[in-house]
Amino acid sequence: MKDKTYLLNKAQENYPELRFTILTPDITEFIASNGDSVLLDLGEHAVGHFSFKFDKVNIFVDAPVRLKIKFGEDMREINDDFSHYSGTLSETWLQEEILNLDFPQNVTMPRRYACRYIKITVERTTRPIRLFDFSFRASTSADASILKPANTKDALLSKIDLVATNTLKECMQTFFEDGPKRDRRLWIGDLRLEALANYYTFQNLEIVKRCLYLFAAGECNNIGFLPSFIYETPYYHSGATHIEDYALLYVVSVCDYYEHTGDSDVVYDLLEICKSQLESFKATLNKNLIATKQDGWFAFIDWCPGLENLTALQGVYLYTLERFSKVLKTIGDEDYEKYSALLSKVRSACKTQLYDENANAFINAYDKNQLSVHSQVWMILGGVIEGEEAKKLLLYCLDNKNFKQPVTPYMRHYVIEAMIKLDMKAEAIQYLKTFWGGMVEIGADTFWEAYIPDDLDFSPYEDRMINSLCHAWSCTPTYFIRKYGL
Ligand code: RAM
């Protein structure tokens, strides 16, 4: 196994270049008295730093001026009253500042924001003031000049592709962030989907490599799983959460990278850490080869409330085993046979023990026999069921009220992946249009972290205000549209 210094050096060698653009809002000057406010529109979602100039109008200000500055990813956020926030995540993510300015000056706000709209309210001034030369210095490591338009004649799919590529561009900073408003860190589940979309759009291979090495240097938990997220600011630090499905999807991300680039040096550097993720997971299978819950475990799969997720997790394991054994075979690694034999054994164990003929679906006592789309999709992606039988099952469970349904674009990505696997291209297009197209129709400039069409107030964190409206895991329509010509 490579040591931490080696891995972090590799991550550093692949530090992506940030590109900056200066955006100027629609309004250039604001003459204001006590209580006045102005709304600036950047015309697009942007991530970066805001600056402006402040001066007197004619009489010199004789006391500090107090401004409230609010940044919104959309207008709903601008209109929200943050003092009513009651979610489970810290309200310090909400983008609102009070600035006390002692005298006329040029102001550059030190913090980074993710927004399209900026509302400035003059909370207190004793004299009229002038605010002007508004400017927003936006950053991304995506090179927009190499992005070609998607090859589709369908207007809605083109629009979806545009919003998806904007989402990805905003999340590409010095690594793949999950959301530039919140949490601004590198999560494995998001990384995997961003990397896929990036291969077909901005093609920045450095950033993918950097992220793979950053995780490999992370601190594993007592079971051996990689941390599910990483911070790099102000210094490298691995997250304290270890999500089992994310640990497996790290291996898949390495396989994706290899399949896309053929770069075996990276695979050799990361091979041992990948094997250890699979070995750690294997240790949690019972004697019948079914995954069991361990103390202190956290499986993610989706933010669907009340979801029981062991069957889906087992599917993620099979999916990972399949992808990893294929890479091992290509690079001639001797463990190939071991992993592919295990894959067949666990697959047939799932078919005999988890497929229920009466329910016509996969259920699992460890999941309290709960019916969910998640279990079906991951059993399909894990290759437990195939062809017409799998297609029938997928069509049966989607939108069926007896089955728990996906709530995040993240899980919906995997629904579409299953459709593509089963040659259900028409259904995949329809699903993309209904779901991501739904966000476009209600004015999304970037795709959201969570979206339930008939519950726009849904939040995994008990208050919609904290939801991220530009979220990495929602960017994959561009991948499907461009890779599969949807
Ligand atoms: C949230 C973020 C992130 C996701 C994790 C599991 O905190 O939205 O994107 O990967 O959950």
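Computed from heavy atoms alone, side chains included, the values below leave out hydrogens, waters and symmetry copies. Whatever order the structure lists ligands and atoms in, that order sets their numbers, starting from 1.
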| Counting each atom of ligand 1 from 1 as listed, which ones have a heavy atom of Trp303 under 4.0 Å away? | 11 (O)

| side chain to side chain donor-acceptor pair (under 3.5 Å), paired with Glu97, selected from Lys70, Lys68, Arg111 | Arg111

| So Phe71 and Tyr113, would you call those rings parallel, tilted or perpendicular, with 30° and 60° as cut-offs? | parallel

| What about the rings of Tyr319 and Tyr317, do their centers lie closer together than 6.0 Å? | no

| request: Would you mind telling me which of Phe300, Phe447, Tyr451, Tyr246 makes a ring-ring contact (aromatic ring centres under 6.0 Å, His included) with Trp473? | output: Phe300

| When you measure from the centre of the six-membered ring of Tyr479, is the NZ or CZ of Lys483 under 6.0 Å away and within 45° of the axis? | no

| message | For atom 6 (C) of ligand 1, what is the closest protein heavy atom, and at what distance to 0.1 Å? | response | Tyr246 OH, 3.5 Å

| said: Give me the residue, atom name and distance of the protein heavy atom closest to atom 1 (C) of ligand 1. | reply: Tyr461 OH, 3.3 Å

| Can you list the residues that meet the side-chain contact (heavy atoms from CB on, under 4.5 Å) rule with Asn204, with sequence neighbours excluded? | Pro16, Ser141, Met172, Asn198, Glu206, Ile207

| Taking non-hydrogen atoms only, is Phe298 closer than 4.0 angstrom to ligand 1 via side chain, backbone, both or neither? | neither

| Which atoms of ligand 1 sit under 4.0 Å from any heavy atom of Asp190? | 3 (C), 4 (C), 9 (O), 10 (O)

| Nitrogen or oxygen of Trp187 less than 3.5 angstrom from that of ligand 1 | no

| said: Using 30° and 60° as the class boundaries, would you call the ring planes of Tyr6 and Tyr213 parallel, tilted or perpendicular? | reply: perpendicular

| message | Measuring centre to centre across the rings, with the benzene-like ring taken for any Trp, is His260 within less than 6.0 Å of Tyr200? | response | yes

| task | Between Arg182 and ligand 1, find which residue part has any heavy-atom pair under 4.0 Å and reply side chain, backbone, both or neither. | result | side chain

| query | Quick one: which of Arg192, Glu449, Arg185 has a heavy atom closest to atom 8 (O) of ligand 1? | reply | Glu449

| request: Considering only non-hydrogen protein atoms, determine which one is nearest to atom 7 (O) of ligand 1 and report residue, atom name and distance to 0.1 Å. | output: Asp183 OD2, 3.0 Å

| remark: The closest protein heavy-atom partner of atom 3 (C) of ligand 1 is Asp178 OD2, 3.4 Å

| query | Hey, does His471 come in under 3.5 Å of ligand 1, counting only N/O atoms on both sides? | reply | yes

| message | Could you check whether any heavy atom of Phe229 sits closer than 4.0 Å to an atom of ligand 1, since that is the contact criterion I want to use? | response | no

| For ligand 1, which part of Trp473 has a heavy atom less than 4.0 Å away: the side chain, the backbone, both, or neither? | side chain

| Can you say whether the rings of Tyr431 and Phe435 are parallel (under 30°), tilted (30 to 60°) or perpendicular (over 60°)? | parallel

